[in-house]
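First comes the structure, then the notes that go with it.
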Amino acid sequence: RLSVAAEAAADVKGKSSRKPIDPEQLGKLEGFLQRADLSNLMRRQPVCAIAPGSTTPQPVFRELYISIADLQSTVLPEFDLSGNIWLFQHLTHVLDQRMLSLLMRNDDTTIASSFSINMNVGTILSPAFLNFDSSLKAVARGTVVIELQKIDIFGDMGAFMFARDFMRERGYRICLDGMNHLTLQFIDRERLGLDLIKLVWTPDMNDDATGRRQTEIKEHIDRSGRARIILCRCDSEEAIRFGQSMGITMFQGRIIDKMLQSERRVG
């Protein structure tokens, strides 16, 4: 599951000679996760709206996630938790359960609403999610975004559609995470019943002297709905300028975090 959490792991990966996690270590890690208080590993990253021609970000909601990079360095520093994709996928199911548990015990009013969480479809269909759902106030559900990965949707379309209908009935918004400018064209957002799509920013999206690539990207964005696209992993002002030139108004990434910090200091 390549979310903000996995992105953090990717930042660590390649900078060391960590061994891929094996089943034995995964078992030990699961035991640790069941016992440990993970609240100090929970991170928040805002998704912000930036109006055309503006440089002032307005928070829309916060993505909540457990930092894989920090979990790795704290518990198994010699192993790469995302090195084995299937074991990592299993790990995300365990982290889903722990995240739901954290949110149900949470007494922090700043994350009582207007947040997103990255979940596996299997988790959404589990008793743990039903317990989480019943703990939310009805009015808060409409402000909660459930983020899914491609593998969750296309791995088992039947399970996805069942989970999607349940989430929509309960008032949640659904976001497809991890799309790039090459895969966006294959997604029919409306037909899949998705509210939002996260499009991953990469500098090569803007690296085309002919402008043909930008034209194609804009067509795919327009088809999906400009107001439904979040340009994520924005690490530079170039990313924001490009997004605005495409008609995108929602952004997420380190440059947005810095802009918000600057706003707070000025304020």
Quick check: does any side chain N or O of Arg18 sit under 3.5 Å from a backbone N or O of Gln72, one acting as donor and the other as acceptor? no

Is any side-chain heavy atom of Ile255 less than 4.5 Å from a side-chain heavy atom of Ser236? no

Verdict with supporting geometry, Val121 and Asp156, side-chain contact (heavy atoms from CB on, under 4.5 Å): CA-CA 9 Å; Val121 166; Asp156 186 338; over 6 Å; no

Looking at every non-hydrogen atom in both residues, tell me the closest pair between Leu87 and Asp22 and how far apart they are. CD1-C, 3.7 Å

Arg170 bridged to Asp133 by N-O distance under 4.0 Å: yes

With heavy-atom distances below 4.5 Å as the criterion, would you say the side chains of Leu176 and Leu196 are in contact? no

At their closest point, which heavy atom of Leu102 faces which heavy atom of Asp37, and how far apart are they? CD2-OD1, 4.2 Å

Side chain to side chain contact (heavy atoms under 4.5 Å, CB included) with Cys175: of Ile197, Ile146, Leu194, Val145, only one passes, and it is Val145

Connected via hydrophobic side-chain network under 4.5 Å: Val47 and Met259: no

Taking CZ in Phe162 as the centre, count heavy atoms belonging to other residues, nucleotides or ligands within less than 6.0 Å. Is the count above 12? no

Single-linkage hydrophobic cluster, 4.5 Å side-chain cutoff, Leu26 and Leu81 together: yes

Note: Arg212-Glu216 ion pair, threshold 4.0 Å (strictly below): no

Matching residue for Met246 among His220, Arg241, Lys218, His181 - test: side chain to side chain contact (heavy atoms under 4.5 Å, CB included): Lys218

Any idea which heavy atoms bring Gly142 and Arg173 closest together, and the distance? O-NE, 3.8 Å

Under a 4.5 Å cut-off applied to non-hydrogen side-chain atoms, are Phe160 and Leu148 in contact? yes

Go through Thr56 and Gln58 one step at a time and tell me if the side-chain contact (heavy atoms from CB on, under 4.5 Å) criterion holds. CA-CA 7 Å; Thr56 305; Gln58 300 292 333; 3.6 Å; yes

Sub-4.5 Å side-chain heavy-atom contact between Met205 and Thr202: yes

Minimum heavy-atom separation for Arg226 and Asp222, please, with both atom names. NE-OD1, 2.8 Å

Main-chain N/O of Ser245 paired to Gln214 side chain as donor or acceptor, under 3.5 Å: no

Separation between CZ (Phe129) and OH (Tyr172), nearest 0.5 Å, reads 4.0 Å

One should read off an interatomic distance between Leu130 CG and Leu125 CG, to the nearest 0.5 angstrom, of 8.5 Å

Can you check whether Asn131's main-chain N or O pairs, donor with acceptor, with Ser134's side chain at less than 3.5 Å? yes

By salt bridge (Lys or Arg N to Asp or Glu O under 4.0 Å), Asp70 pairs with (sequence neighbours left out) Arg43

Should Ile230 and Tyr65 be counted in the same cluster of Ile, Leu, Val, Met, Phe, Trp and Tyr side chains packed under 4.5 Å apart? no

Is a side-chain N or O of Gln97 found less than 3.5 angstrom from the main chain of Thr123, in a donor-acceptor match? no

Do other residues, nucleotides or ligands put more than 12 heavy atoms under 6.0 Å from Glu190 CD? no

Taking the side chain as every heavy atom from C-beta outward, state whether Ile117 and Leu103 have any atom pair closer than 4.5 Å. yes

Are any side-chain N or O atoms of Asp80 and backbone N or O atoms of Ser82, one a donor and one an acceptor, separated by less than 3.5 Å? yes

Under a 3.5 Å distance rule, please check whether Thr74 uses its side chain to pair with a backbone N or O of Leu71 as donor and acceptor. no

Supply the atom-to-atom distance Leu76 CG to Glu78 CD, rounded to the nearest 0.5 angstrom. 6.0 Å

Ser73 side-chain N/O to Ala69 backbone N/O, donor-acceptor pair under 3.5 Å: yes

Step through it carefully: locate the ring centre of Phe242, locate the ring centre of Phe251, and say whether they are under 6.0 Å apart. no

Glu147 and Lys198 ion-paired at < 4.0 Å: yes

Rounded to the nearest 0.5 Å, the OG atom of Ser114 sits from the CZ atom of Arg62 at a distance of 8.5 Å

Side chain proximity check, Ile229 to Ser224, heavy atoms < 4.5 angstrom: yes

Pick from Gln45, Arg44, Gln252: which one makes a side-chain hydrogen bond (donor to acceptor under 3.5 Å, both in side chains) with Asp257? Gln45

Ile68 side chain near Phe88 side chain, heavy-atom distance below 4.5 Å: yes

Hydrophobic clusters here meaning ILVMFWY residues chained together by side-chain heavy-atom distances under 4.5 Å, can you tell me if Ile124 and Val94 are in one? yes

Taking atom CD as the centre, does Glu237 end up with more than 12 heavy-atom neighbours from other residues, nucleotides or ligands that are less than 6.0 angstrom away? no

Do you know which two heavy atoms are closest between Ala49 and Val60, and how far apart they sit? N-CG2, 3.6 Å

List the steps, then state whether side-chain contact (heavy atoms from CB on, under 4.5 Å) holds for Val144 with Leu136. CA-CA 10 Å; Val144 175; Leu136 281 177; 4.3 Å; yes

Met179 backbone acceptor or donor facing Thr183 side chain under 3.5 Å: no

Test of understanding: with side chain to side chain contact (heavy atoms under 4.5 Å, CB included), list the residues that count as partners of Pro203, not counting sequence neighbours. Trp201

Pair listing, salt bridge (charged side-chain N to carboxylate O under 4.0 Å, His left out) test, anchored in residues 200-210, at least two apart: none

Count I, L, V, M, F, W, Y as connected when their side-chain heavy atoms are under 4.5 Å apart, and connections chain through other members. Are Met99 and Phe61 then in the same cluster? no

List the atom of Ile256, the atom of Cys48, and the distance in Å for their closest heavy-atom pair. CG2-SG, 3.7 Å

Looking only at atom types and distance, does a side-chain atom of Arg164 sit under 3.5 Å from a main-chain N or O of Leu192, one as donor and one as acceptor? yes

Checking side-chain contact (heavy atoms from CB on, under 4.5 Å) for the pair Arg228/Asp195: CA distance, chi angles, key distance, verdict? CA-CA 7 Å; Arg228 305 292 187 143; Asp195 299 286; 4.0 Å; yes

For the pair Asp96 (side chain) and Asn120 (backbone), establish whether a donor and an acceptor sit closer than 3.5 Å, ignoring hydrogens and angles. yes

Do Val200 and Asp177 make a side-chain contact, defined as non-hydrogen atoms from C-beta onward lying under 4.5 Å apart? no

